Each structure stands twice: as C-alpha cells, then as structure tokens.
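Only one structure is covered here, and it is reproduced in the block below.
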Amino acid sequence: MSRRWSSVLVHTVLVALTAATLFPLLWMVSASLMATGESMSTPPPLLPASPTLAHYRDLFERLSLGRSLANSTLIACLATFFSLLFNSLAGYAFAKLRFPGRERIFAGLLALLVIPAQVAMLPLFLLLRTMGLVNTVWGVVIPSMAGIFGIFLVRQYARSIPDELLDAARVDGASEWRIYRSVVLPLLRPILVTLATFTFMGTWNDFMWPLIVLTDDSRYTLPVALANLLGEHAQDTELMMAGAVLTVLPVLALFAVLQRQYIAGITAGGVKE
Amino acid sequence: MSTTAALTRGGRAEAWAGRAFVAPALLLIAVFFLFPVLAGFLLSLTDFDLYGVADPSAVRVVGAANYAALLRSSVFWRAFANTLVFVVVGGPLTVGAALGTAVLVSARATRLRGLFRTLLFAPVVATLVAVAVVWRYLYHPRFGFLNELLGLVGIEPVNWLGEPKTAMLAIILLAVWKNFGFSMVIFVAALQAIPEHLYEAARIDGANAWQQFRRITVPLLGPTFLFVGVTTAIGYFQLFSEPYVLTSGTGGPLDATLSVVLHMYKEGFRWWNIGYAASVAFVLFAVILVFTLLQLRLRPRGER
C-alpha cells in the first residue's frame, strides 16, 4: 500500500471515529435547542428547525437549577482549594523534609490506595450524621479535602526540587513555612494546576457521594439534580438535554483550556507506575 | 555555635515542620477514610439497620451472619454476575478500543495528532450523569439514533433498556464510549516511547505493518497493557452511576443491570440494612484486592 493511500485511510477512519465519539455530545447540544417534542419524531432530526433557548430559561426560572449550579461550583471550588493546600503541604513534606517514620507512613498511605471508596461510605455517612454534616456542603467536601493520589502526585514532582535551594533559604534564616510559601509553592505550580483540574472535575462530576449525603433538593449538585429531574421529566427530552448541557459545559470548557496539563497528569501517573 | 550544632538544630526544625505539614492531610485521611473503613468492617459483623440508626444501643453483634446471608442471596449473586459480565466484556472492549485508537492517533501518517487525541478524550471528562442521560435517549426504542442507525442495515428496533437481554449490553456500550479515551492517552504515551529505529529495522527486514504491530508494538506495550487492564477492571468492579441513571436507580429490568455497588447502595441507603450493605462492600473490596495483588505478581521483577 502506498504511503499516500495509507495516509488517506488512517485519516478517514480517525475522522469517522471522532465524529462517532462526539455525536452524543453534539446531539445533546442540538436537541437542547429544539422545540418541545421536536426530537421525538421519525426520523429523529439532527438540527433544530428554529433554535430556542426556552428550555434553558425553564431550567433556571421554573426548576431552579441555578441553585444546583451554584452548589456545584461552591463544592468544587472548596474541594479544590483544600486539596491543593493539604496535598501540597503533605506531598512536599514526604518528598523533601526529613522526619522520623516518613517512609513508613508514606508506604502505609500507598497501601490504603487498594481500598475502594465505597467501603468507607456507610460508616462515613453515620459519622457525618453524628457531626451534623449530612445535607451540608461540608459533608460533600470533607472526604475530598485530602487524598492519597494527590499527595503522591505532588511528592513525585517535589522530589525534583534541589535540596541546595531549600538549604540556601534555611541559611538565610527563612522559616520552614516561609520556604514552603515562597520557594516551594511557585516551583510546584505546574503539578498544582494538574491537581486542581483533577480535583475540580472529580468533585464536579461525582455522583454517588453527593447523592448519599445531600437529602434536600435545594442542596443538590448538578449531577444529582439532573438525575432527580429525570424522574419527573423523562418525557421532556429537550429539557433534559438542556440540563445535560448545563452540567457538562463547565467541565468541558475547563478541559478545553487545561487539556495539556490534564492529559500530562494522567500519563505521568500511568506510564511510570 | 558549631556548624554541626546548627545543622542538628535545623534538622530538628525540619523534622517538626515535616510532621506539621503532613498532619492535616493524615488527620483527614485517618478520620474520614481509615476510621470509616475499620468501622465498616465492624458494622458488617452487626445487624445495624433502620432501628440501629434510631437507637444504636439496639444493635447486636451477629458475627459472620451477614456474609452468610449474602452468599445465600440470589440478588447478591445476580449483582455479582452482572458486575462480572460488565468487567469481563466491557473491560477488554474498552482496552481494545483504546489501543486501536491510540495506534491510529500515533500512526506516522497522522496529522493533527493532538487534536484527535483531545477530541477522542472528551467523553472521559464529561459528567457521567449528563452523558448517561443523553445515552438514555439515544437508546430510545422508537426515536433513538441507535435504532435509527440499525434500521439502515435492516435490523428491527431493539428495546435496549427495556429488555433484560440487552440492558447490560447498553450499559457496556456507554461505558466503553465514556472510558476508552483514558486508556488511549496512556497507550499513546507508551507508543511514543517505543524507539522508531526498531520499526525501521523491521521494515528493512521486510516486515509488513501487521507484523511490526504484532512483534514490536504489542510486546513492548506489555507493562502498559497490564496497568491499563487492571486499572480498568478495578474501576469497572465499582460500576454504579451508569445503571443508576439508565434505569432510574433500580438496576432493572428484572435486576439485569443491578451491580454490586448499586446493590450495596439500595440495601444500605434506601432500606438502611447497613450491616448487610457493609458486608457487600467488603466482599467487593476482597475481589478488587485479588485483582490488585494479581497485578503486583504479574509485574516484571525489578520494578517496584
């Protein structure tokens, strides 16, 4: 097979696969702009006859999904902030600060990685219930404020920080906190962007834990609100698609901006394992 | 003050800082993860249920009774078998799709690699609940695009989510679409690490594209295969949201899409059979542990 033909073949297959992969997302956007009931005809239309934003208005005005949007944003931002703070402190300390038992504690943490999160969920729910945190933002945020994977990610990156740099700062009389704040954090910036993206998207997209902890629909995050909406409005395809767009658009936009860091984070964790 | 004294002093400050810096994260993990896991095991040995939620003093230790009940429960075995089908069929399909697309994306002839990689990756970052809602309509027996597509080649409409026979297949298709991009980018990175001169040498020796793939690419991807395969399997054992959204939280029709985690969720958080649900969680943990240990055993010697 000549080189030109193989190039045409590869690109044809790739374009077809990419189109098929994106089809559900594109159709979601298209159907969200259709008039009520328009998508439910044979053959199903690909594009709206006359695009309308009526369903989005409905979501905000009648079904108060704006509240869920605010809840999701608040929860994802809080989780991201605390995960950056606690994981960067711990990851840096495990990589660079010598203290007794450091390696043993870190090995213990890594061993905990084999335990699936679901194993902790029932007792965690009972624990948060006695703390009065069920059906609150903090009940959703607390379990993702520190994570073993995040600590691991920061530690691997922080190991490349030269000791001389830290020692020079110590000789200058800087406190350890000051060193972390003004020397280490700027150097960790790239991995912190990756960690922030992971945490934000992870908490935004999470379904099972908020579904368990949040009992009142005014507290729902978008995925929980959307699943709930499906119960009453399964027949309103176009409305449901508008809700789906509202839910995925923020993460897809964030991914479009930070895709390089995001994918780099995955391959760093995967290939070197 | 001598240098050694200053260093010891500095070392002590460093050690204290180290402890202080790891403390918040360790405390959070201990209180909100490790403690619940241990408590969960104890819970699984009790009859903690709705009455226990109201009055914890009424809870009794029942030993392994929950585990015995679970092994006798046909619903649990149904959920276990469904999950196993999802892992055994969905896993290889996902890894296969990931490898296929990764080879295409990294082919020498391919232009705009970064763009294809990013676009094919998009479903991975998309919110699962939202895309599951979308797929629910793509599976619609009358107006869904999947049946429309099948109709073009003369296949009768299928009631994807309404028939026990096809419901799990529908879940698998959604999962493959949602997840292949994740393994794909790992394969792409591993493919880029294979030295180009190996292929050149093979071409000089007259090897065709398939032979190059079979004799160079596949063996050198071995460790990546293992990693991707085991990660996918572990993730797939935790199947929950797909059947929850596609079947309105039931795992139907007729428990055909009930997964182990959905079973645990329904028992624990809907019926408050917390002791029993905790035992389901630990059985899941045991299964996942076996897979993880298998990965460690299969890993070539010399690696961590």
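Just the heavy atoms: all of them, side chains too, but no hydrogens, waters or symmetry mates, feed the values below. Because the structure is predicted, anything quoted here is derived from the model rather than measured. Naming: A, B, ... by sequence-line order, numbering from 1 per chain.
Of the atoms belonging to B:F240, it is side-chain heavy atoms, and not backbone ones, that fall under 4.5 Å from chain A. Heavy atoms of A:M40 lying under 4.5 Å from chain B belong to its backbone as well as its side chain. Residue A:L222 does not touch chain B at all, counting heavy-atom pairs closer than 4.5 Å. For A:L85, no part lies near chain B; criterion is any non-hydrogen pair under 4.5 Å. Residue contact with chain B, scored on non-hydrogen atoms closer than 4.5 Å, involves the side chain of A:I151 exclusively. Proximity to chain B (any heavy atom under 4.5 Å) is shown, for A:M208, by both the backbone and the side chain. Using a 4.5 Å cut-off between heavy atoms, B:Y244 touches chain A through its side chain atoms alone. Contacts of A:W27 with chain B are made by side-chain atoms alone, with heavy-atom separations under 4.5 Å and no backbone atom involved.
Of the possible polar contacts, none joining the A:N205 side chain to the B:L128 backbone as a donor-acceptor pair under 3.5 Å is found.
When the candidates B:L43, B:L112, B:V245 are compared by the number of heavy-atom contacts under 4.5 Å with chain A, B:L43 comes out ahead. By number of non-hydrogen pairs under 4.5 angstrom with chain A, the leading residue of B:V133, B:T292, B:V228, B:V280 is B:V133. Ranked by non-hydrogen atom pairs under 4.5 Å with chain A, the options B:A281, B:A126, B:A193 are led by B:A126.
Rounding to the nearest 0.5 Å places OG of A:S39 at 8.5 Å from CZ of B:F145. Taking CD from B:Q238 and CD from A:Q118, the interatomic distance works out to 4.0 Å, rounded to the nearest 0.5 Å.
A distance below 6.0 Å separates the ring centres of A:F125 and B:W272.
Within a 6.0 Å radius of CZ in B:F41, no more than 12 heavy atoms belonging to other residues, nucleotides or ligands are found.
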